[in-house]
Amino acid sequence: MPTKSPKELAFLQDLYIATDWGERFATLVDAHLELPKEGRALYVAAGTGGHALALQERAGDKLKLTCVDANDECLEIARAKAVAFREGTEFQREQLNSLSFADNQFDLVLGNASLTAPADLKALLNEIVRVAKPDAMVACWFPTAASFGEFFSIYWEALQNAGLQDQAGAVEHLITALPTVSEGENLAEQGGLQGVASWTSTEEFDYESGEQFFNSPLITDFLLPNWLSLVPEASREKVSQELAKIIDEVRHSGEFALTLKATLLVGKKAKVQ
């Protein structure tokens with residue numbers, strides 16, 4: 001599969017990921033998170049800025065929102081949107097697991113971990129709690145256990161069919177790496193949050209064929225690279241062909257559904273750390 005440039009990936013994220021994948025999580029946030037009427041807020045991994053700007057409009061001018069992302073190309077799109085919407089929202093580049101802000105700075109911190117590798121979730125949670133003021137609200141959202149189960153079940157079979165039996169066992173790691181809701185709550189509490197509450201929504205992404213599955217930017221450009229990382233590069237095309245074949249076989253003239261367990265955690269930073 002040809003590698004796309006950072007600019008191309010940013011445009012795909014804006015056109016396809018934020019408006020579908022991102023919207024599933026944004027709906028949870030909008031339904032369960034109460035925004036402060038004033039003060040300072042931070043949005044971590046704001047991407048191309050659509051959801052952040054919607055929150056700024058909802059909150060009003062008395063809440064100063066700063067948005068950060070590690071992707072310069074996404075930030076360029078986000079800044080253009082802010083100008084078009086005449087919003088004063090700031091967008092700046094940051095390493096998400098090592099923010100440049102001092103401790104105890106924000107009245108609200110939002111962490112978008114929807115595309116964060118599960119192994120990096122703890123570090124991200126710790127960092128967004130660190131920059132929140134004591135008693136400030138902190139929210140983080142990410143996929144949880146039982147997500148992508150349909151894919152993982154056929155992935156094992158595809159690896160077997162491609163003669164990669166040694167890699168097939170690694171699929172178990174992909175499954176167990178996704179945290180349960182309880183594990184996510186524990187990470188939040190260990191990071192310094194109290195009164196942690198969670199909400200989970202079961203979402204489906206439907207594909208009419210293996211070809212449509214692999215033509216999806218969400219799959220090919222954002223999810224699949226991590227999933228295929230356990231496969232030798234020379235074998236990835238063969239494995240992808242096997243996956244497409246199995247999808248067409250198992251859907252039986254119906255659609256192949258990929259399930260996401262979208263989870264939102266919300267808590268307050270403890271006054272004493």
Side-chain angles (χ1 to χ4, degrees), residues 6-7 9-101 105-116 120-121 124-125 127-133 136-143 199 201 203 217-218 222 260 262-267 269:
K7 185 177 285 290
L9 289 173
F11 277 110
L12 288 172
Q13 184 167 339
D14 189 47
L15 290 172
Y16 298 105
I17 310 307
T19 55
D20 190 2
W21 171 268
E23 195 63 32
R24 315 292 180 107
F25 291 95
T27 299
L28 270 178
V29 176
D30 296 345
H32 298 290
L33 185 67
E34 184 176 351
L35 301 176
K37 293 181 172 58
E38 58 185 8
R40 298 180 67 200
L42 177 68
Y43 195 127
V44 177
T48 57
H51 185 225
L53 291 170
L55 289 177
Q56 179 72 83
E57 183 178 13
R58 174 178 148 198
D61 295 338
K62 290 184 178 180
L63 183 68
K64 179 178 174 56
L65 179 60
T66 300
C67 302
V68 301
D69 202 271
N71 187 316
D72 287 319
E73 304 294 346
C74 286
L75 289 168
E76 184 178 337
I77 295 172
R79 292 184 187 115
K81 289 181 182 179
V83 171
F85 287 111
R86 299 181 181 178
E87 293 285 1
T89 309
E90 296 180 2
F91 291 89
Q92 67 187 59
R93 190 179 189 280
E94 292 279 346
Q95 293 300 320
L96 303 185
N97 290 349
S98 183
L99 300 171
S100 65
F101 305 105
Q105 293 294 301
F106 295 94
D107 301 285
L108 170 70
V109 183
L110 309 171
N112 172 15
S114 65
L115 290 171
T116 297
D120 295 331
L121 178 61
L124 180 64
L125 271 168
E127 194 65 358
I128 64 177
V129 174
R130 179 185 69 79
V131 300
K133 291 179 179 178
M137 194 70 73
V138 176
C140 188
W141 51 96
F142 47 90
W199 297 267
S201 174
E203 304 289 339
L218 171 63
F222 292 89
L260 163 69
T263 296
L264 167 69
L265 298 183
V266 177
K269 182 174 178 176

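FYI, the numbering just counts along the sequence from 1.
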To the closest 0.5 Å, what do you measure between CD (Glu73) and CG (Leu12)?
12.5 Å
Counting C-beta onward and ignoring hydrogens, is there a side-chain heavy-atom pair between Val29 and His51 closer than 4.5 Å?
yes
Measure across Ile128 and Val44 and return the closest heavy-atom pair with its distance rounded to 0.1 Å.
CG2-CG2, 3.9 Å
Go through it in stages, so that I can follow the logic: the residues are Val131 and Leu42, the test is side chain to side chain contact (heavy atoms under 4.5 Å, CB included), and I'd like the CA-CA distance, side-chain angles, deciding distance and then a yes or no.
CA-CA 9 Å; Val131 300; Leu42 177 68; 3.8 Å; yes
Closest non-hydrogen contact found for Leu65 with Ala52 is CD2-O, 3.4 Å
Verdict with reasoning, Leu55 to Leu110, per side chain to side chain contact (heavy atoms under 4.5 Å, CB included)
CA-CA 11 Å; Leu55 289 177; Leu110 309 171; 3.5 Å; yes
Can any side-chain N or O of Gln56 pair as donor or acceptor with the backbone N or O of Gly60 at less than 3.5 Å?
yes
Is Asp107 reaching over with its side chain to a backbone N or O of Arg40, donor-acceptor style, under 3.5 angstrom?
yes
Derivation of the side chain to side chain contact (heavy atoms under 4.5 Å, CB included) call for Asp30 and Arg58
CA-CA 10 Å; Asp30 296 345; Arg58 174 178 148 198; 3.6 Å; yes
Does Tyr16 OH have over 12 foreign heavy atoms under 6.0 Å away?
no
Please round to the nearest 0.5 Å and tell me the distance separating atom CD of Glu23 and atom CG of Leu28.
11.0 Å
Straight-line distance of Ser114 OG to Leu260 CG, nearest 0.5 Å
9.0 Å
When rounded to the nearest 0.5 angstrom, what distance separates NZ in Lys269 from CZ in Arg130?
8.0 Å
Taking every non-hydrogen atom, the tightest pair across Leu53 and Ala82:
CD1-N, 3.9 Å
Within the distance-only criterion (no hydrogens, no angle test), does the side chain of Asp69 pair as donor or acceptor with the backbone N or O of Gly47 below 3.5 angstrom?
yes
Side chains of Pro6 and Asp72: closer than 4.5 Å at any heavy-atom pair?
no
Could you tell me whether Phe101 atom CZ has more than 12 heavy atoms of other residues or ligands within 6.0 Å of it?
yes
Of all heavy-atom pairs linking Leu33 and Met137, the shortest is CD1-CG, 4.0 Å
Heavy-atom pair with the smallest gap, counting every atom of Leu96 and Ala70
CD2-N, 4.0 Å
Look up atom CD in Glu203 and atom OG1 in Thr27, then write down how far apart they are to the nearest 0.5 Å.
7.0 Å
Begin from the C-alpha positions of Asp14 and Lys81 and carry the test side chain to side chain contact (heavy atoms under 4.5 Å, CB included) through to its verdict.
CA-CA 11 Å; Asp14 189 47; Lys81 289 181 182 179; 2.5 Å; yes
Side-chain heavy atoms of Leu115 within contact of Trp21, under 4.5 Å:
yes
If we check ring pair (Phe, Tyr, Trp, His ring centres under 6.0 Å) with Tyr43, which of these qualifies: Phe91, Trp141, Phe106?
Trp141
Within 6.0 angstrom of Gln92 CD, more than 12 heavy atoms from elsewhere:
yes
Side chains of Asn97 and Asp120: does their closest heavy-atom pair fall under 4.5 Å?
yes
Answer yes or no: is there a side-chain heavy-atom contact under 4.5 Å between Phe11 and Thr48?
no
Compare every heavy atom of Ala59 with every heavy atom of Leu35, then report the nearest pair and how far apart it is.
CD1-CB, 3.8 Å
Interatomic distance, Lys7 atom NZ to Asn71 atom CG [nearest 0.5 angstrom]
10.0 Å
